[in-house]
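Structure first, commentary second.
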Amino acid sequence: MKKLVYIALFASFSGCLQVFGQTGTPAEDVKKSGDILNKLDTLMTLWYVKNATPAKNKKAMNICGFKPDDVPTYTDSIYARRIRMIQSPLPMAYNETVKAFIEMYAVRKRQQVEKMLGLSDTYFPMFEEILDKHKMPLELKYLSIVESALNPRADSRVHATGLWQFMYTTGKLYNLEINSYVDERKDPVQATEAAAIFLKDLHNIFGDWFLAIAAYNCGPGNVNKAIRRSGGKRTFWEIYPYLPQETRGYVPAFIAAAYVFQYHREHNLYPQDLTLPKMVDTVLVYKEINFEPISKVLGISVDELKDLNPQYTRDIIPARGKTYTLRLPAAKAAIYAPMRDSIYHTYTAMLLAQHPNVNPNDSSGIVDITFNKGGHGRTDYEPSDKVKYTVKAGDNLGFIADLFDVSVYSLKRWNHIRGKNVSVGRKLAINVPADKVRYYKKINTMTSMQKKKEVYGRKYGDTKKEDQKEETPVAENTSKTATTSAEEKNTTDKTAEKQPSKSTGPSNIEYYVVQKGDTLWSIAQRFPGVTIDDIKKANNLSSNQKIRIGQKIKILKG
């Protein structure tokens, strides 16, 4: 009950503070719904939305046999009948204002609607699960279309934020964490949970879902004022002329969104395929961590981590004394637990290498750092310069990404690439560290063999004549701990203690001392061309045999 009292105090700051007045024509009401229109436009700034591709099964979904450029419209009677057929406890109605918003979505904003249809595959199952838990109409999921156009980073002119457009005070009231590192208004799960409770509270106040939707937008105080000015009327359409200008459009836009999403095929509209993964899972994070070591160990770009977890505003999960969640593509989530120690081992090594005086176990405050980028195996984290690369025969996106130490995800983002292929001769812009520009520029002039050597063994020797057998390359151990003084003192294997001279030929044996958090997989990643099976065979390890800290592992190369 205490929370319901607070609603009237805080929720009215959600952005509809216009004075009351008589409404204009339906078309004018659409034009004056500035926030709704603005969200549809800002949706297109998200890179994974801009680079969405037409659905592969578009032909199968075209149940009406439309031509690609057909933009169908229908009579009022058909619109009205279809809306009546929507199975919902909400009192869906059809009128000229609803029609104006249907035409906005299905005629003028078709491109945005197809993007949102694609995004709905990611967000709607999550929304429906939470609404069902609270025993609320599942059709309320369409309110997110009106509020944010399914953009978790959406921000209104009065700084309402996220998929459900919470103001700061209302978000705090509904237990959303908002601080220097976390803004749960942008968290799809937490924000939806808060929005469901907020809407349920508003419904308890007004006893009508459409009045609750209106109050969600402009606050219960403004709705109560409209009720008084209407002479005590208690439905949305009866108080419609007395509501703030933008709020008048919210329920008609909500009905129109529900209609278009239900009947999108009848309007020749189909969900587009987005790069953002549809199959995601959540893992628990118990200790503070930066996005970059997660990216490095799991092989997922920092950009993708940002897109899946927009609530972490500084790319840091500040898990000190509190557990947080991290969303990952399902395949990456499956390997997170066995790789957790390696992730934190990498985090500590990166942290101490750049900040030797920082104690990662110090609980006095969050270690807010940005790791230096550059060198092989780096992740894409705001690089500072660009180089150009011309696609050659035999190239593919994965190979090019490996050449420049970036992710395919970022490569596609920077060059607005749709799909999985890239044409020969296309010039790609690739972000690289400023101090590595000369190195990466040389790649564009390399032969195919030279590029393969860069990918599969960065430290290959000079290429011999084509009719001669190539010399086995000496791979460089990139681990700072692989040749520790302890190893040099304890080993009796001379091959491990020093590299042979060029005159004696390259060695194909190297030793590695197991560190805390290491796994066979993480060790194999340190040595180009070496697999887990290679390590097992070289060390006579069985499939279920575990390695231990301090154990010396033999690496056979070439």
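Residue indices begin at 1 and follow the sequence shown.
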Side chain [X], main chain [Y], donor-acceptor under 3.5 Å:
X	Y	result
T42	N38	yes
D183	R185	yes
K99	D76	no
N415	A429	yes
Q165	A154	yes
T170	F166	no
E238	K233	no
N62	K58	no
D70	P72	no
D187	A191	no

Does atom [atom1] of [X] have more than 12 heavy-atom neighbours, drawn from other residues, nucleotides or ligands, at distances under 6.0 Å?
X	atom1	value
H134	NE2	yes
M61	CE	yes
N421	CG	no

Measure across [X] and [Y] and return the closest heavy-atom pair with its distance rounded to 0.1 Å.
X	Y	answer
E139	P89	OE1-CD, 3.7 Å
V98	N95	N-OD1, 2.9 Å
L43	A149	CD1-O, 3.3 Å
A256	I102	CB-N, 3.6 Å
E147	Y216	OE2-CD2, 3.4 Å
L176	Q190	CD2-O, 3.5 Å

Q | side-chain contact (heavy atoms from CB on, under 4.5 Å) between K225 and R229, worked out | A | CA-CA 6 Å; K225 189 182 296 184; R229 294 196 174 194; 4.0 Å; yes
pair [X]-[Y]: side-chain heavy atoms closer than 4.5 Å:
X	Y	value
K200	I197	no
Y123	S144	no
T73	V107	yes
M116	L40	yes
L428	V391	yes
L411	L397	yes
F236	P91	no
M126	P188	yes

Interatomic spacing from [atom1] in [X] to [atom2] in [Y] - rounded to 0.5 Å:
X	Y	atom1	atom2	answer
L163	T192	CG	OG1	6.0 Å
M92	I255	CE	CD1	6.5 Å
I36	K109	CD1	NZ	12.0 Å
L131	L140	CG	CG	6.0 Å
I430	I400	CD1	CD1	6.5 Å
R426	D395	CZ	CG	13.0 Å

Q: For side chain to side chain donor-acceptor pair (under 3.5 Å), just list the numbers for R82 and Y259, CA-CA rounded to whole Å, side-chain angles, deciding distance to a tenth of an Å, and then say yes or no.
A: CA-CA 8 Å; R82 287 176 178 171; Y259 166 83; 2.9 Å; yes
**Q.** Pair listing, salt bridge (charged side-chain N to carboxylate O under 4.0 Å, His left out) test, anchored in residues 112-128, at least two apart
**A.** D121-K278, E128-K141
(Q) I'd like to know whether D273 forms a side chain to side chain donor-acceptor pair (under 3.5 Å) with T53, so could you lay out the CA-CA distance, the side-chain angles of the two residues, the decisive distance to 0.1 Å, and finally the verdict. (A) CA-CA 5 Å; D273 292 330; T53 57; 4.5 Å; no
Measure centre to centre between the rings of [X] and [Y], then say whether the value is under 6.0 Å.
X	Y	answer
H264	Y105	no
F124	F261	yes
F254	Y250	no
H267	Y74	yes
W164	Y174	no

Q: Please lay out, stage by stage, how V283 and L328 fare under the test side-chain contact (heavy atoms from CB on, under 4.5 Å).
A: CA-CA 8 Å; V283 298; L328 296 168; 4.0 Å; yes
(Q) Set out, in order, the CA-CA distance, both residues' side-chain angles and the distance that settles side chain to side chain donor-acceptor pair (under 3.5 Å) for D281 and Y336, then state yes or no. (A) CA-CA 11 Å; D281 204 352; Y336 175 82; over 6 Å; no
Q | From CA spacing to verdict: side chain to side chain donor-acceptor pair (under 3.5 Å), Q311, Y181 | A | CA-CA 8 Å; Q311 69 272 28; Y181 296 93; over 6 Å; no
Q) Taking it one step at a time, do E304 and T275 satisfy side-chain contact (heavy atoms from CB on, under 4.5 Å)? A) CA-CA 9 Å; E304 191 167 5; T275 306; over 6 Å; no
Q) Does K172 pair with E177 as a salt bridge, N-O distance under 4.0 Å? A)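 Salt bridge between K172 and E177, a charged N being under 4.0 Å from a carboxylate O: no.
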Q | Residues in ring pair (Phe, Tyr, Trp, His ring centres under 6.0 Å) contact with Y389, at least two apart in sequence or another chain | A |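 Partners of Y389 by the ring pair (Phe, Tyr, Trp, His ring centres under 6.0 Å) criterion, ordered by chain and then number, come out as F404.
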Q: Among T282, L284, V285, find the residue that satisfies the side chain to side chain contact (heavy atoms under 4.5 Å, CB included) test when tested with L326.
A: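 The residue from T282, L284, V285 that satisfies side chain to side chain contact (heavy atoms under 4.5 Å, CB included) with L326 turns out to be V285.
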Q) Given E184 and I178, is the side-chain contact (heavy atoms from CB on, under 4.5 Å) satisfied, shown in steps? A) CA-CA 6 Å; E184 287 187 335; I178 307 171; 5.8 Å; no
Q) Can K427 and T390 be counted as having a side-chain donor-acceptor contact under 3.5 angstrom? A)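 There is such a pair between these side chains.
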